[in-house]
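Below you'll find the structure, written out as structure tokens, and then a few comments.
These numbers come from a predicted model, not from an experiment.
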Amino acid sequence: MKSQVDLSIKSNLRYDIPAGLVVFLVAVPLCLGIAMASGAPLFAGIISGIVGGIVVGIFSGSQLGISGPAAGLAAIVLTGIQELGAFDIFLLAVVISGILQLIFGWLQAGIIAYYFPNSVIKAMLAGIGIIIILKELPYALGYQAENGSLLDSLKGFASNIQPGILFITGISLLILILWEQAFMKRLKIARTIQGPLVVVVLGVVLYLVFQNTPWALDSSAVVALPVADGFSGFINQFTSPDFSQWNNPKVYSVGLTIAAIGSIESLLCMEATDKLDPFKRVSPANKELKAQGIGNVIAGLLGGIPVVQVIVRGTTNIQSGGRTKMAAIVHGVLLLLFVMLIPQVLNLIPLASLAAILLMVGYKLTKPSLYKMMYQQGVSSFVPFIIAILVIVFKDLLVGVGVGLAVAMFFILYNSYKRPFILSQEVCDQEGHTVINITLPEEVSFLNKAHLQKALNLIPNHSHVLLDASQSKFIDPDIIEIIDDFVVHCTYTHIRLEYIEKPKSKAKKVSPLTKLEKLISDIKPHKDKSDGLT
């Protein structure tokens, strides 16, 4: 029997601080790149990273999720800024989106997270893994095409080989793979210092060593963080919303769009992160919506782009050994300190080092063993899984999730259509009549109409029919109409019909959810004194 693991924040700082440092290093280029793709000031991405780490980290119930700016909202932010005409007007829409998310949380809308099948959640993880690999390969190889195309980047790489970048990528991947081996995990240094942190430190050392040599890296191959001129320059990078536009209907339209899509993406990432949690904790969905709402209100007030929970940073946190929400808070605090005090240090980190870390993250999300496992689960799981991955990779994350959900629903309906009832073997009763047992399932919908009608039409005259609906919780009115017509039909064909109906209880009906809520309310709350933030 496994000993109980202490998951309090205080007891896991030795895991969370190194993990937070690695997430911080990965988050820096992501915050800058997403801000650039969104058409927003670069510093707006950093603000969102800080708010997502510290503010959302404190209020969220997710122990391993990391929030910040997300690539999935980049197009919406870009369109929103253009539609509203100014970035400060857009910030007001971000504040409004946060208020709406708070309302969603109070309305208990977070339950939507639990209606997505596992095949779709795993497809989202695998699809994001593929996207990470495709996006990071150019940085790992040392050549990024101007149009961002992977094919053009690979073609350009052949004529623009940079040995320094290739060496850093190769040695980084070797260290990350080595750190995963069983014999390394037995060493104290490997348990104390995480592999990604070693990769980043070594990358900085190699960047400095390669200077003034043929293997030197140019400025485009390292992190490029804006450097403010003193503390006043740092403060001047913050922007306030234009509250004079409070009566502009377009602001509310953009705010609602950000709130709706950001909430869905955050809930999906929360669910996916919970699936990867080695301790299998379940995050409270409504609390997560409220935390995202608070985060977006503050991000909008300070000049940041929208905040959502992001799966890339969450999986990096898990792979780096993070155990509690302190890793998210540490990553946010480090973002604030480094950007405010020593941004020049971050500009020494090669992008190849970060690319190697993300390539390993991407591979772990889309391992071949995952595809084998989904295939073994059958067509109804594998087909939605594969289709969702393809749409996510070639189209969009939320569109892919929606298509995967639609395909999964199709298989549910198809299986219900194929198995409308159980028809037992025919036997003879004491009077010599043929006895046909028809047992209806728990849910009998209109999809079962055709099969049931066909079966009843084939019953020969003078038969003995036992129609068992004792297990049915719901019977569609269309089905009831068919049964009523069959009763009349039996009087003319000398068919003996016995109908077994579920006995009606005189007791007041109480839903299982109501019973569960009452049971929970009777349990005395227990406060964990070791964790002051939960």
Side-chain angles (χ1 to χ4, degrees), residues 8-10 12-13 15-32 34-35 42-70 73 91 94-95 97-99 101-102 105 225-226 228 231 234-235 237-240 262 266 269-270 273 283-284 287-314 316-318 320 322-343 346 531-534:
S8 65
I9 286 178
K10 185 177 179 180
N12 288 281
L13 288 176
Y15 300 104
D16 292 329
I17 292 177
L21 177 57
V22 173
V23 175
F24 149 72
L25 296 171
V26 170
V28 170
L30 291 176
C31 290
L32 297 173
I34 291 167
L42 292 181
F43 194 67
I46 297 295
I47 292 172
S48 297
I50 295 170
V51 172
I54 300 175
V55 178
V56 179
I58 289 173
F59 289 100
S60 173
S62 176
Q63 295 299 315
L64 297 175
I66 307 286
S67 296
L73 287 179
L91 292 178
V94 176
V95 174
S97 74
I99 295 172
Q101 286 181 308
L102 283 168
L225 189 67
F231 183 75
F234 172 75
I235 296 298
Q237 294 185 81
F238 291 90
T239 307
S240 299
S266 291
C269 290
M270 179 200 73
T273 303
S283 304
K287 188 174 182 179
E288 183 64 26
L289 283 179
K290 294 174 185 176
Q292 297 296 331
I294 295 171
N296 276 313
V297 169
I298 295 177
L301 291 174
L302 295 177
I305 54 180
V307 172
V308 298
Q309 190 173 140
V310 192
I311 191 65
V312 176
R313 272 157 267 189
T316 301
N317 181 27
I318 294 170
S320 301
R323 289 193 174 187
T324 76
K325 63 167 68 180
M326 184 53 72
I329 297 171
V330 166
H331 124 273
V333 171
L334 289 174
L335 267 174
L336 175 61
L337 292 177
F338 271 77
V339 172
M340 185 169 61
L341 302 176
I342 46 173
L346 295 178
D531 185 352
L533 294 176
T534 53

If every non-hydrogen atom of [X] is compared with every non-hydrogen atom of [Y], which pair is closest and at what distance?
X      : Y      : value
Gly20  : His331 : O-CB, 3.4 Å
Ser320 : Val22  : OG-CG1, 3.3 Å
Ala19  : Ala327 : CB-CB, 4.4 Å
Gly295 : Val307 : O-CG2, 4.5 Å
Val310 : Ala70  : CG2-CB, 4.1 Å

Spacing of [atom1] belonging to [X] relative to [atom2] belonging to [Y], to within rounding of 0.5 Å:
X      : Y      : atom1 : atom2 : result
Leu334 : Ile17  : CG    : CD1   : 9.0 Å
Ile66  : Asn317 : CD1   : CG    : 4.0 Å
Ile47  : Ile305 : CD1   : CD1   : 9.5 Å
Ile50  : Ile298 : CD1   : CD1   : 12.5 Å
Ile9   : Arg323 : CD1   : CZ    : 13.5 Å
Leu335 : Cys31  : CG    : SG    : 5.5 Å

- Query: How are the rings of Phe238 and Phe43 set relative to one another: parallel (under 30°), tilted (30 to 60°) or perpendicular (over 60°)?
  - Reply: perpendicular
Does the side chain of [X] reach to within under 4.5 Å of the side chain of [Y], using non-hydrogen atoms?
X      : Y      : value
Asn296 : Val95  : no
Val56  : Ile294 : no
Ser283 : Gln63  : no
Asn12  : Met326 : no
Val333 : Leu337 : yes

- Message: If we count only N and O atoms by modelled type, under 3.5 Å, do the side chains of Ser67 and Gln292 hold a donor and an acceptor together?
- Response: yes
- Query: Just checking, any donor-acceptor pair under 3.5 angstrom between side chains of Glu288 and Ser60?
  - Reply: yes
- Among Thr324, Leu21, Ile329, find the one that has a side-chain contact (heavy atoms from CB on, under 4.5 Å) with Asp16. Thr324
- Kindly say whether Gln101 contributes a backbone atom to a donor-acceptor pair with the side chain of Lys290 at under 3.5 angstrom? no
- Can any side-chain N or O of Thr273 pair as donor or acceptor with the backbone N or O of Leu64 at less than 3.5 Å? no
